[in-house]
Protein chains: 2
Amino acid sequence: MSPTIKQIASIAKVSIATVSRVLNNDKRVTEKTRKKILKITEELNYRPNIIARNFVKKKSNLIGLILPEISDEFFTEIIKGVDELTFAHGYYTLVASSHKYESLDQEIETFLRNGLVGGIIILVSSLNDKIKCILKDSRIPVVLISGGSNIDGFDAVSIENYGGAFKMTEYLILKRKYKNLLHITGPQDNDDALLRRKGFEDACKKYNAAFRIEFGEFTQESGRKICDKLLKSNSLPDVIFAANDMMAIGCYDSIKAKGLTIPDDISVVGFDDVFVSKYISPPLTTVKVQIEDVGKTAAEILMRKVREKNNHKKIISKISTKVIIRNS
Amino acid sequence: MSPTIKQIASIAKVSIATVSRVLNNDKRVTEKTRKKILKITEELNYRPNIIARNFVKKKSNLIGLILPEISDEFFTEIIKGVDELTFAHGYYTLVASSHKYESLDQEIETFLRNGLVGGIIILVSSLNDKIKCILKDSRIPVVLISGGSNIDGFDAVSIENYGGAFKMTEYLILKRKYKNLLHITGPQDNDDALLRRKGFEDACKKYNAAFRIEFGEFTQESGRKICDKLLKSNSLPDVIFAANDMMAIGCYDSIKAKGLTIPDDISVVGFDDVFVSKYISPPLTTVKVQIEDVGKTAAEILMRKVREKNNHKKIISKISTKVIIRNS
DNA sequence: AGGTGGTCTGAAATAGATTACCTGCCTTTA
DNA sequence: TAAAGGCAGGTAATCTATTTCAGACCACCT
């Protein structure tokens with residue numbers, strides 16, 4: 001059995017309170033006693049039982065990171081960013097994604113209530129009222145990673161979706177001189193998708209460019225299907241702006257299958273700058289999002305909230321985007 | 001404050017023991033009492049305090065997953081596989097990677113000793129004696145995910161590195177009729193790299209094919225550099241078998257920069273079948289590893305060990321590989 | 001009717017650490 | 001020199017849920 005504070009105390013012939021004080025750097029202990037106790041803890045290779053400590057302190061050095069799923073690099077980067085920052089503060093990161101066994105709502109509620117974690121970072125594609133309600137009366141700090149709309153009243157980190165899409169569209173119209181644009185959106189209940197679409201539309205309107213909208217699903221498959229349909233019709237746009245890179249890649253599949261070339265016959269651009277994008281042929285022009293920063297920033301805000309309990313000012317942080325020009 | 005078992009008990013006018021029994025499905029409670037208590041717990045929206053529960057039970061429903069780093073899809077897949085399986089058993093997954101703040105050894109030791117987690121899955125590139133020592137006298141179950149050599153005495157999941165490399169080499173020699181092969185290894189202290197090399201060499205020897213070895217680092221950069229050097233010399237092999245896909249991609253960069261074409265001028269194959277591999281041009285022939293299964297299998301073994309405390313039979317599980325033939 | 005056995009419930013101990021409060025000693029100061 | 005104050009360190013309560021042991025109660029059998 002691992003040594004406990006009690007054993008240390010009995011060996012050192014002091015009370016457990018004194019040992020605890022030494023371990024917690026309480027200064028009300030003489031140097032001599034401190035040294036003696038430290039020596040013993042080292043000899044026994046003692047490690048305080050974190051669970052017991054968390055239990056009495058009624059707080060936890062665990063951070064919950066709730067994701068809709070763990071699948072693509074987007075989430076990896078977030079996990080990495082969060083882990084790196086929280087670890088530096090002595091916290092561990094608990095990763096939970098929605099499973100077939102439990103809905104995201106339930107999962108969030110469980111986490112908020114069971115005391116396991118001292119704070120939560122939640123990535124949601126859209127904020128429904130139910131989740132909002134659950135979050136409102138949370139006893140532990142919460143930070144959202146969200147598309148960016150509708151997050152009033154919560155601490156949140158979001159991506160500059162609107163601005164990124166606007167910049168890209170501006171580039172397509174002004175620099176590339178495209179007159180006829182088509183945007184493939186993400187799922188209609190997804191905030192990122194919504195704002196990207198809005199950025200696209202507003203830019204088109206501003207510069208009086210003709211545009212169309214198709215509704216996709218953020219999947220490669222949906223990009224392919226929509227593009228297939230498009231190529232069968234006889235009204236091709238100059239450029240397809242897919243709301244994420246995976247759909248853009250789906251368009252590549254479809255276009256190449258038809259024997260057309262990118263960007264000569266038709267141009268395709270994306271959003272996200274996923275890892276593959278620079279390797280496909282031709283390399284994809286896209287909007288880069290520094291995903292790791294999203295995780296880091298969220299963790300930073302959370303750590304601040306965990307420490308300063310009384311600070312109730314809401315923080316909304318936006319991670320900026322950048323148009324990456326390649327050859328598509 | 002969240003309701004506690006005590007409050008439930010006082011409202012229901014029963015003892016806390018009875019409430020605890022109901023919550024733990026102990027059958028020694030009359031249906032009437034059970035119903036009454038369940039009704040109250042639901043009204044109060046009671047959730048048992050997991051930390052307290054773990055504390056009294058002296059066990060944890062947390063699983064530590066220790067990775068050298070969280071970076072590429074390889075790790076994502078592992079996290080996903082582990083999380084999915086452990087969650088189904090009521091466990092949560094704590095992801096920890098080596099940070100600049102702590103070495104992997106220390107991290108492992110901390111996890112093993114502080115009681116936070118009830119079991120650990122460790123992914124290591126190679127097993128040094130220090131880690132072996134730490135693991136040997138671990139009080140909690142440990143499962144390794146490892147290259148595959150030198151894991152006697154531990155429960156482990158490994159990839160069929162040797163067999164995969166052997167099969168690929170066999171394919172290159174017998175089907176593609178290459179006579180002059182070159183292998184770029186991974187880091188020399190990496191077990192996966194070691195076994196892949198051995199599989200390659202043994203196959204070459206078996207079929208009397210000429211071969212050379214270059215020493216890489218598993219990075220795209222190292223693949224590119226080695227290939228640059230190679231192309232400057234005047235003795236090109238028929239095929240470059242890179243010990244992982246990222247180095248193969250590095251070779252692509254180098255070869256394309258020289259204006260040569262794959263596979264006409266020189267062929268390149270890899271190992272791993274990362275996501276990009278089928279999108280690059282030409283699509284990369286490689287050895288596929290079902291990474292998610294690695295995580296799942298490791299979690300499965302761990303769950304079994306956590307449950308059946310007395311079962312000390314060591315399990316070593318090997319995840320099989322498959323040669324994926326594309327156009328490189 | 002009294003004994004036996006089984007079922008349901010409660011009281012109390014327990015886990016490992018933190019911490020409020022108290023004691024006792026030593027030093028300082030009037 | 002006695003009171004006051006500060007400091008080191010001890011005592012004991014506390015956190016929540018589990019679990020052991022014992023007791024209460026009822027039914028059934030002889």
Side-chain angles (χ1 to χ4, degrees), chain A residues 1-38 40-41 44-62 90 110 112-118 139-140, chain B residues 1-38 40-41 44-62 90 110 113-118 139-140 309:
Chain A
M1 210 44 222
S2 263
T4 69
I5 205 173
K6 221 179 203 165
Q7 289 166 44
I8 307 275
S10 88
I11 292 172
K13 300 206 195 330
V14 297
S15 73
I16 55 169
T18 306
V19 179
S20 176
R21 287 191 190 103
V22 171
L23 297 173
N24 289 282
N25 292 317
D26 188 317
K27 42 192 155 303
R28 302 183 309 164
V29 185
T30 51
E31 200 50 34
K32 203 178 134 207
T33 318
R34 175 185 308 278
K35 281 240 175 78
K36 181 171 65 175
I37 291 172
L38 285 178
I40 294 170
T41 58
L44 295 190
N45 202 1
Y46 166 83
R47 307 282 161 114
N49 179 321
I50 293 196
I51 296 190
R53 175 178 284 176
N54 285 343
F55 174 53
V56 303
K57 285 204 170 180
K58 287 166 172 312
K59 58 172 212 138
S60 164
N61 67 336
L62 263 34
T110 305
L112 287 173
R113 306 282 321 284
N114 68 14
L116 227 201
V117 298
R139 291 168 303 104
I140 60 174
Chain B
M1 210 46 224
S2 263
T4 68
I5 206 174
K6 218 180 203 165
Q7 291 166 43
I8 308 273
S10 89
I11 294 171
K13 303 212 195 324
V14 297
S15 74
I16 55 168
T18 304
V19 179
S20 175
R21 287 193 189 104
V22 170
L23 297 173
N24 289 281
N25 294 316
D26 187 316
K27 43 194 155 302
R28 302 179 308 166
V29 185
T30 50
E31 201 50 32
K32 205 177 134 205
T33 318
R34 174 184 308 278
K35 281 237 175 78
K36 182 171 65 176
I37 292 172
L38 284 178
I40 295 170
T41 57
L44 296 189
N45 201 1
Y46 167 83
R47 307 282 160 117
N49 179 321
I50 293 196
I51 297 191
R53 175 178 283 175
N54 285 342
F55 173 55
V56 303
K57 286 205 169 179
K58 287 168 173 307
K59 58 173 209 135
S60 165
N61 67 335
L62 263 35
T110 305
R113 304 285 319 284
N114 68 13
L116 227 201
V117 297
R139 292 167 302 106
I140 60 174
K309 305 212 168 195

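Worth knowing before you read on, the calculation uses all heavy atoms, side chains too, and leaves out hydrogens, waters and symmetry mates. Labels below follow one simple rule: chain letters A, B, ... track the order of the sequence lines, proteins then strands, and each chain is numbered from 1.
- Qualifying side chain to side chain contact (heavy atoms under 4.5 Å, CB included) partners for B:Asn25, counting only residues two or more places apart in sequence or in other chains: B:Arg34.
- Stacking between A:Phe55 and the base of C:dG16 is absent under the criterion of ring centres within 5.5 Å and planes under 30 degrees.
- A:Ile51 has its CD1 atom 16 Å from the C1' atom of C:dT18, to the nearest Å.
- In this structure, B:Leu44 and B:Ile11 have side chains that are in contact, with non-hydrogen atoms separated by less than 4.5 Å.
- Taking the side chain as every heavy atom from C-beta outward, B:Ile140 and B:Val117 approach each other to under 4.5 Å.
- One atom, CG of A:Asn61, and another, C1' of C:dA17, lie 14 Å apart when rounded to the nearest Å.
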> Which parts of nucleotides 5-11 of chain D does protein reach within less than 4.0 Å, heavy atoms only, written one letter per nucleotide 5' to 3' as B for base, S for sugar-phosphate only and - for none?
Replying inline: ---SBBB
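- When atom types are taken as modelled, the side chain of B:Asn24 and the backbone of B:Asp26 share no donor-acceptor pair closer than 3.5 angstrom.
- B:Ile50 places its CD1 atom 11 Å from the P atom of D:dT18, with the value rounded to the nearest Å.
- Contacts of A:Asn54 with the nucleic acid, taken as non-hydrogen atoms under 4.0 Å apart, are absent.
- Computed from coordinates, the A:Lys58 NZ to C:dA20 P distance equals 14 Å when rounded to whole Å.
- Taking atom CG on A:Asn25 and atom P on C:dT18, their separation rounds to 11 Å, with Å as the unit.
- Using a 4.0 Å heavy-atom cutoff across all strands shown, B:Ser20 reaches at least one base atom of the nucleic acid.
- With sequence neighbours left out, the side chain to side chain contact (heavy atoms under 4.5 Å, CB included) criterion links A:Ser10 to no other residue.
- With sequence neighbours excluded, the residues forming a side chain to side chain contact (heavy atoms under 4.5 Å, CB included) with B:Lys6 are B:Thr4, B:Ile16, listed by chain and number.
- In this model, the phosphate group of D:dT18 is approached by a side-chain N or O of B:Asn24 to a distance below 4.0 Å at OP1 or OP2.
- The separation between B:Tyr46 atom OH and D:dA17 atom P is 3 Å, rounded to whole Å.
- Distance A:Lys59 NZ to D:dT16 C1': 18 Å, rounded to the nearest Å.
- Rounded to whole angstrom, the span from the NZ atom of B:Lys6 across to the P atom of D:dA13 amounts to 13 Å.
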Under 3.5 Å donor-acceptor pairs involving side-chain atoms of residues 49-57 of chain A, not counting sequence neighbours:
from: A:Asn49; atom 1: OD1; to: A:Ile51; atom 2: N; distance (Å): 2.8
from: A:Asn49; atom 1: OD1; to: A:Ala52; atom 2: N; distance (Å): 2.9
from: A:Asn54; atom 1: ND2; to: A:Asn61; atom 2: OD1; distance (Å): 3.2

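- Contact annotation: B:Arg53 does not reach the phosphate of D:dT16 (side-chain N/O to OP1 or OP2, under 4.0 Å).
- Relative to the axis of its first five pairs, the axis of the last five pairs of the helix from C:dA1-D:dT30 to C:dA30-D:dT1 sits at 60°, rounded to 10 degrees.
- Here the side chain of B:Ser60 pairs a donor or acceptor atom with the backbone of B:Leu116 at under 3.5 angstrom.
- The distance from the CG atom of A:Leu62 to the CG atom of B:Leu62 is 5.5 Å, given to the nearest 0.5 Å.
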